[in-house]
Protein chains: 2
Amino acid sequence: MFSKVPQRNPSVRVNQWVYSSLCQLILDGEFVPGVSITLRGIADSLEVSPMPVREAVTRLISEGALDVSEHNRISVSVMNQSKFDEILYARLQLEPKIASQSLKLIDRKKIKQLDEIDKQLDLYLETGNIEGYIKYNRLFHFGIYQSANSPVIFPMINSLWLQFSPFMRVVAGIVGTNTIHDYHKAALNAIIGQNHKALYDAIHNDISEGMGLLNDSIVN
Amino acid sequence: MFSKVPQRNPSVRVNQWVYSSLCQLILDGEFVPGVSITLRGIADSLEVSPMPVREAVTRLISEGALDVSEHNRISVSVMNQSKFDEILYARLQLEPKIASQSLKLIDRKKIKQLDEIDKQLDLYLETGNIEGYIKYNRLFHFGIYQSANSPVIFPMINSLWLQFSPFMRVVAGIVGTNTIHDYHKAALNAIIGQNHKALYDAIHNDISEGMGLLNDSIVN
DNA sequence: TATTACAAAATGTGATCACAAAAAATAAAC
DNA sequence: GTTTATTTTTTGTGATCACATTTTGTAATA
């Protein structure tokens, strides 16, 4: 049923594969906010037994990506104003800090990767490719964050992205790509120049402006 | 096996009871860092089948309270310097903010509760009762945070406490209660006076000083 | 057409079994 | 006594079944 699920690798456990597959689907915006999810439905779609799905879904619920509604039914989380405000606050407190923390660990090879991601991203922006933009924007941010080697805050950031991604996908489809202006170039220059404050500010501004575009689309 | 587990309530599901029981045991410091955990062992101790334990443990792993070591063995998370630094940073960014956010929602009845909690806490400090201190310190903090009605940041704070609680219990047993000085009185006065900044600062100072006592005891 | 009553299917939860891999325990050899 | 080899037990994982509850589908009634 799901079109773009990563291929099964026999060396990786089924539960982990299911979890990362669901993560990717959520982050890519394949899950529409509010839509109902069933364990057996996902199990059939991924062609696995319900058991590893239960484990993955339990995790995603605890990370806020999925919601347990009345009568223990599972659904994709819906955005509201207070959730959005807190996600924005937490992102602004955690992501610039981790970016800055990763600064000294980013080598030349990584910089080249980030540069290529950003070039691809600009291409998607020009052609109005929302899916491409969302995916490569995430690759850019997490490309930086992953270098930080952060044991506590990185999982928290991951959880935050899982929470707003379904909402972002819907909204981005409405506002389109032409109003988006990111601070990736500033971030890249800051990385190259090893300027902590400039990188911190670039990520901060990127989040502020990006989330600002989404704010108007919240319905309670 | 576990002595102080909350009583089973037939109206609440087994998985939720197991999860909250394990949470309480962890927060109260009953789980020693590094100790191995087995699904069947916990299931036998709580006199339930392994199934709901699997669910609870999966959640606790994703919240950072438990760790998956090599060969998929489960153990209580061990503290190290980088984890500690990030937990401290995240607590300082999130907890004062949520406390401040809860300020206008705390009514007279809640203030009375907090005051009684703090009185009991002082008693435990005088008599050197570590377990009592840890429990009532948590009751005080979460008594405030819960009033904030926070959908995103509150769960993050909960996860942070689950991560450092096992470590704190061990260290607190070493340093003792006589060196502890909290800012709960300042926090209470700030709440009564509806002073946002004073409450923010009180919680900030409380975390800084409390965690400062723990910092020296980290072994890598 | 709209509403109600009933039957059928679906859903999360809990329990149990099977299995491969890893620990732990025991026996054998030097 | 110490090390090596072998057996036994334990452990997480995945699959399957049973069950109460809820939802959905269908037919009957007005």
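Keep in mind that this is a model prediction, so the values were computed, not measured. Chain letters run A, B, ... following the sequence lines, proteins first and then strands; every chain starts at 1.
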Give me each pair satisfying ring-ring contact (aromatic ring centres under 6.0 Å, His included) with a member in [range], each pair once, sequence neighbours excluded.
range: residues 54-100 of chain B; answer: none
range: residues 18-70 of chain A; answer: A/F2-A/F31
range: residues 50-69 of chain B; answer: none

Could you tell me which residues satisfy ring-ring contact (aromatic ring centres under 6.0 Å, His included) with [X], sequence neighbours excluded, listed by chain and number?
X: B/Y200; answer: none
X: B/Y133; answer: none
X: A/W161; answer: A/H141, A/F142, A/F164

### Message
Just to be sure I understand the rule, does A/R13 reach a base, reach only the sugar-phosphate, or reach nothing, if contact means heavy atoms closer than 4.0 Å?
### Response
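Sugar-phosphate contact only.
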
### Query
Base, sugar-phosphate alone, or nothing: which one does A/R40 contact when heavy atoms must sit under 4.0 Å apart?
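It contacts base atoms.
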
### Query
Nearest-Å distance, CD1 (A/I37) to P (C/dT11)?
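Computing the A/I37:CD1 to C/dT11:P distance gives 11 Å.
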
### Task
To the nearest Å, give me how far apart CG (A/D44) and P (C/dA10) are.
10 Å

## Note on the structure
Comparing nearest nucleotides in DNA chain C, the 5'-proximal residue of the pair B/P52, A/L39 is A/L39

### Task
May I have all residue pairs that pass salt bridge (Lys or Arg N to Asp or Glu O under 4.0 Å) and include part of residues 129-155 of chain B, sequence neighbours excluded?
B/D28-B/R138, B/E131-B/R169

### Task
Provide the start and end nucleotides, 5' to 3', of the part of DNA chain D that has atoms under 4.0 Å from heavy atoms of chain A.
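First and last nucleotides in contact are D/dT13 to D/dT23.
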
#### Entry: B/D44 with B/R40: basic N within carboxylate O range, under 4.0 Å
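So B/D44 does not pair with B/R40 through a salt bridge.
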
### Of residues 58-74 of chain A, the positions that come close to DNA chain C - non-hydrogen atoms, cut-off under 4.0 Å
A/N72, A/R73, A/I74

### Comparing B/M51 and B/T38 on DNA chain D - which has the more 5′ nearest nucleotide
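It is B/T38, whose closest nucleotide lies nearer the 5' terminus.
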
